[in-house]
Amino acid sequence: SHTVCVRLLDIGADKPLPFIKFLAETNPSLGRRGIRLLREYPELLKTSLRAILEFSREFDVRILVPMVTVPDDVAVVKDYLTQLGSELQMSPLPELGAMIETPAAALSAREIGRYVDFLSFGTNDLTQYAFAADRENAAVEKYFNDSADVIFRLLGLTHDDVPDVPLSVCGELAGRQEYIPKLLQCGIRTLSVAPPLIPIVKETIRNSLCTAPLMEAP
């Protein structure tokens, strides 16, 4: 059976819920997004984790924490997951991963890696925060460059800090054929792309020169 990766509730900024009025903020991209909101409402976080754990009784599930900024963002989730697993008498627990969408998270990979089984780069948001350029603002579009050396340097630094932690990319960069070899060189071994792109991504991976074993795009 295939693994299902479930991202915890990821709302805010470019992912609004119009019927939730309390999310209105003057600068939503730098506000309560993803795990920040869930930490503010712990019962919502625990309800989400409990539902995923029940789901994992029948399916191979992994859990992904969005908008991680500091190690404590994942430590909190790990603690709740462990507590709920004990209550539900479940073992082993689903693997836990962190989204690396902020430069702070990329530069804290060693500490974050103590709590997770894998890391997944959201290169769209990582670019937004690295260049301080709102991904939804056309006025600063020229600063939004997700293929800049700055981004690949953050990917490479993360890999060097946690060489044994599996890394994936789920931003648009993962589906851009010309940059796949550079992603492989940064230690990325899993790429999340739209279904129509899978054949060309697989072909590109097969034709890439890399000294480490490759994991093709699913």
Side-chain angles (χ1 to χ4, degrees), residues 1-7 10 13-15 29 33-34 60 62-68 95 97-107 109 112-113 116-218:
S1 62
H2 295 291
T3 300
V4 177
C5 191
V6 180
R7 191 188 305 194
D10 189 9
D14 61 312
K15 306 178 185 72
S29 293
R33 301 187 53 190
D60 183 11
R62 299 197 300 173
I63 300 172
L64 190 55
V65 184
M67 195 57 190
V68 171
E95 289 189 353
M99 287 290 293
I100 304 299
E101 300 171 280
T102 66
L107 297 173
I112 291 172
V116 300
D117 303 291
F118 65 98
L119 299 173
S120 180
F121 293 99
T123 52
N124 299 339
D125 271 322
L126 186 59
T127 302
Q128 169 175 250
Y129 296 120
F131 288 100
D134 189 340
R135 58 192 282 194
E136 301 295 309
N137 188 344
V140 292
E141 184 178 0
K142 67 179 180 179
Y143 291 99
F144 189 91
N145 181 4
D146 65 352
S147 60
D149 288 343
V150 168
I151 303 304
F152 286 102
R153 188 176 181 192
L154 286 171
L155 303 188
L157 285 172
T158 302
H159 172 261
D160 292 344
D161 282 349
V162 287
D164 297 324
V165 176
L167 304 177
S168 65
V169 168
C170 66
E172 292 180 13
L173 188 61
R176 310 229 312 262
Q177 182 183 4
E178 65 270 32
Y179 296 111
I180 289 175
K182 290 188 72 172
L183 290 174
L184 297 176
Q185 291 167 11
C186 290
I188 309 298
R189 292 296 176 266
T190 301
L191 303 173
S192 177
V193 300
L197 296 176
I198 291 176
I200 188 65
V201 169
K202 282 191 171 185
E203 186 64 22
T204 303
I205 291 174
R206 292 189 184 107
N207 293 332
S208 296
L209 297 177
C210 190
T211 56
L214 302 182
M215 180 183 298
E216 295 180 352

(request) Could you list the residues that satisfy side-chain hydrogen bond (donor to acceptor under 3.5 Å, both in side chains) with Glu95, not counting sequence neighbours? (result) none

(request) For Pro199 and Pro195, work out which heavy atoms get closest and say how close. (result) CD-O, 3.9 Å

(request) Applying side-chain hydrogen bond (donor to acceptor under 3.5 Å, both in side chains), run through Asp125 and Thr127 and close with a yes or a no. (result) CA-CA 5 Å; Asp125 271 322; Thr127 302; over 6 Å; no

(request) Output all residues satisfying salt bridge (charged side-chain N to carboxylate O under 4.0 Å, His left out) with Asp161, sequence neighbours left out; order by chain, then residue number. (result) Arg110

(message) For Glu141, give me all partners under salt bridge (charged side-chain N to carboxylate O under 4.0 Å, His left out), at least two apart in sequence or on another chain.
(response) none

(request) Kindly say whether Gly122 contributes a backbone atom to a donor-acceptor pair with the side chain of Glu101 at under 3.5 angstrom? (result) no

(message) Could you report the tightest heavy-atom contact between Gln128 and Arg33, atom names first, then the distance?
(response) NE2-NH1, 3.9 Å

(request) Would you give the length of the straight line joining atom CD1 of Ile180 to atom CG of Asn207, rounded to the nearest 0.5 angstrom? (result) 10.5 Å

(message) Distance check, rounded to the nearest 0.5 Å: Leu119 atom CG versus Leu64 atom CG?
(response) 9.5 Å

(message) Between Leu191 and Ile205, is the side chain to side chain contact (heavy atoms under 4.5 Å, CB included) condition met? List the steps.
(response) CA-CA 10 Å; Leu191 303 173; Ile205 291 174; 4.0 Å; yes

Cut-off 3.5 Å, no hydrogens considered: what does the side-chain donor-acceptor table look like for residues 163-177, sequence neighbours left out?
{"unit_1": "Ser168", "atom_1": "OG", "unit_2": "Ser120", "atom_2": "OG", "d": "3.1"}
{"unit_1": "Arg176", "atom_1": "NH1", "unit_2": "Asp146", "atom_2": "OD1", "d": "2.9"}
{"unit_1": "Arg176", "atom_1": "NH1", "unit_2": "Asp146", "atom_2": "OD2", "d": "2.9"}
{"unit_1": "Arg176", "atom_1": "NH2", "unit_2": "Asp146", "atom_2": "OD1", "d": "3.3"}
{"unit_1": "Gln177", "atom_1": "NE2", "unit_2": "Thr204", "atom_2": "OG1", "d": "3.4"}

Per-pair distances, 0.1 Å, donor-acceptor, side chain in residues 149-160, under 3.5 Å, sequence neighbours excluded:
{"unit_1": "Asp149", "atom_1": "OD1", "unit_2": "Lys182", "atom_2": "NZ", "d": "3.4"}
{"unit_1": "Thr158", "atom_1": "OG1", "unit_2": "Ala106", "atom_2": "O", "d": "3.4"}
{"unit_1": "Thr158", "atom_1": "OG1", "unit_2": "Leu154", "atom_2": "O", "d": "2.8"}

(request) Of all the heavy-atom pairs spanning Tyr129 and Thr102, show the shortest one and how long it is. (result) CD1-CG2, 4.1 Å

(message) Minimum heavy-atom separation for Phe121 and Leu126, please, with both atom names.
(response) CD2-CD2, 4.3 Å

(request) Look up atom CZ in Phe118 and atom OG1 in Thr190, then write down how far apart they are to the nearest 0.5 Å. (result) 9.5 Å

(message) Tell me whether the count of non-hydrogen atoms from other residues, nucleotides or ligands lying under 6.0 Å of CZ in Phe144 goes above 12.
(response) yes

